[in-house]
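Here the structure is laid out as structure tokens; the discussion comes afterwards.
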Protein chains: 2
Amino acid sequence: MTYRIPSLNGLKAFEAAARHLSFKAAAAELGVTAGAVSQQVKRLEMSLGISLFRRLPQGLLLTREGAAYLPDVSRAFDALTDATEAVAPALNGRKLSLGVDPLVADRLPNGWPRHSKELEPYVRETRVTDDVELIWSNELDALLLAAKTRHGSLSERAICLNGIAAALYFVTRPGLAECRQSRAIIESLES
Amino acid sequence: MTYRIPSLNGLKAFEAAARHLSFKAAAAELGVTAGAVSQQVKRLEMSLGISLFRRLPQGLLLTREGAAYLPDVSRAFDALTDATEAVAPALNGRKLSLGVDPLVADRLPNGWPRHSKELEPYVRETRVTDDVELIWSNELDALLLAAKTRHGSLSERAICLNGIAAALYFVTRPGLAECRQSRAIIESLES
DNA sequence: ACGTGAGACTTAGAAAATCTCGGTCTACTG
DNA sequence: CAGTAGACCGAGATTTTCTAAGTCTCACGT
């Protein structure tokens, strides 16, 4: 099973340039320079062996092939975006589910985090557990543990309570290690 | 208009690994090493903020999220492949359409290329014209011209007849410059 | 219990793809 | 006839991706 798919960056550049009929405008949208878009599109055309645009001095025009390609590409992008958004909502505004090791649950600041106003936007639920597997299965986003894990590929951050190193570790999937939610939880603990 | 799409290489690695439930097998299919697939998938998981696989020492298992993501990704890949194949059939086995400058049409080897057996698999049609625009509009794949073009971004190759430089140039879109079809046409002329 | 093999992981360094920047060209515009 | 806008090119820098070599865990057979 093998697919014939051109470079995604090339397709993105094509799609944006075709919508704007301008490399410059497309570049602004994509956050790169116009030269980069020009090169991407050229590479794409080379890999396909056809021309997608007619370059006129006053701007771009789609060729027949380019015009035929564009809607299909856009639809595929939509489908990928929807699927991605469905399986992994953008981190912005997402609330984490947090597990707390039974060994640390009683050592925490009183009522933490249930009654912490500042954490409310970042934590969806809290559960008492020390099962690292729950992270790998995406049932939990992060864990507060009393001991270092041995699962090397998890991200682990030691916490200081009142400025003193405590046997307390914030453990997440690497993908969540540096997000705002994680930072907020850690700060709330250390302050 | 902006899409949220993870890296295409990451998605390809995920798709192949999910089908085989093995990074090693996926790597073989993709023609890279297993380490590369592992890294691609990890990057993808980080960018999404979720885990797609459970790594067991004896192999892979899809997480619930991974299993949900896979069919959507496959469908999108199918759609892109179909669209690409429709607009630009793979170069393998494709025949080029060739334009011949009226100024050179009579100087060519007798009957060329109509009665050339060796060119038959590579040339679909021949037309007498010197209009470079036909290349940009994909109506022609290549041109035999009597003079250099001034369209810098076209690929241009000087032809020698009987070992002597002639006023004869093979002009194509860059994407077709080095394909077998082009080489065959040039060789047939120079021999 | 102890090798052995398979499969995944990590890391450093190499290789490739991509971006930026500066300069050029062409066609519009006042 | 400048001046401007948009696209192109090439060189060099930067970022991404790949490879290679070594480690770890588990299953299996002796």
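Just so it is clear: chains get the letters A, B, ... in the order the sequence lines come, proteins before strands, and each one is counted from 1. Computed from a predicted structure; not experimentally measured.
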Phosphate oxygens OP1/OP2 of C:dA8: is one of them under 4.0 Å from a side-chain N or O of B:Ser38?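 For B:Ser38, the contact criterion (side-chain N or O under 4.0 Å from OP1 or OP2 of C:dA8) is not met.
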Can you tell me if the side-chain N/O atoms of A:Arg55 get under 4.0 Å from OP1 or OP2 in D:dC8?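 True: A:Arg55 side-chain N/O within range (under 4.0 Å) of D:dC8 OP1/OP2.
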Salt bridge or not for B:Arg75 and B:Asp78, using N-O below 4.0 Å?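 Salt bridge flag = no for B:Asp78 with B:Arg75.
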Salt bridge present between A:Glu45 and A:Arg55 (N-O < 4.0 angstrom):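 Salt bridge flag = yes for A:Arg55 with A:Glu45.
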Has A:Arg64 got more than 12 heavy atoms of other residues, nucleotides or ligands less than 6.0 Å from its CZ?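 No - once you tally the heavy atoms of other residues, nucleotides and ligands closer than 6.0 Å, there are 12 at most.
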Take the protein atom [atom1] of [X] and the nucleotide atom [atom2] of [N], then report the distance between them rounded to whole Å.
{"X": "B:Leu21", "N": "C:dA6", "atom1": "CG", "atom2": "C1'", "value": "16 Å"}
{"X": "A:Met46", "N": "C:dA17", "atom1": "CE", "atom2": "P", "value": "13 Å"}
{"X": "B:Leu56", "N": "D:dC24", "atom1": "CG", "atom2": "C1'", "value": "14 Å"}
{"X": "B:His20", "N": "C:dG7", "atom1": "NE2", "atom2": "C1'", "value": "15 Å"}
{"X": "B:Arg43", "N": "D:dT15", "atom1": "CZ", "atom2": "P", "value": "15 Å"}
{"X": "B:Arg54", "N": "C:dA8", "atom1": "CZ", "atom2": "P", "value": "15 Å"}
{"X": "B:Leu60", "N": "D:dT25", "atom1": "CG", "atom2": "P", "value": "18 Å"}
{"X": "B:Asn9", "N": "D:dT16", "atom1": "CG", "atom2": "C1'", "value": "10 Å"}

So do A:Thr129 and A:Leu143 actually touch side chain to side chain, heavy atoms under 4.5 Å?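 A side-chain contact exists here, since the closest heavy-atom pair is under 4.5 Å.
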Close approaches to DNA chain C from residues 23-33 of chain B, in residue order (heavy atom, under 4.0 Å):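 Only B:Phe23, B:Lys24 qualify.
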Check each of B:Arg19, B:Lys24, B:Lys12 against B:Glu29 using the salt bridge (Lys or Arg N to Asp or Glu O under 4.0 Å) test, and report the only one that passes.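 Considering B:Arg19, B:Lys24, B:Lys12, a salt bridge (Lys or Arg N to Asp or Glu O under 4.0 Å) with B:Glu29 is found only for B:Arg19.
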For A:Ser182 and A:Tyr122, does a side-chain donor sit closer than 3.5 Å to a side-chain acceptor?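 The criterion, which ignores hydrogens and geometry beyond distance, is not satisfied for A:Tyr122 and A:Ser182.
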Quick one: does B:Gln39 reach the base of D:dT16 with a side-chain donor-acceptor pair under 3.5 Å?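 Not at all, since no donor on one side and acceptor on the other fall under 3.5 Å apart.
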Toward the 5' end of DNA chain C, which comes first, A:Gln40 or B:Ser22, by nearest nucleotide?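 Whichever sits nearer the 5' end wins; that is B:Ser22.
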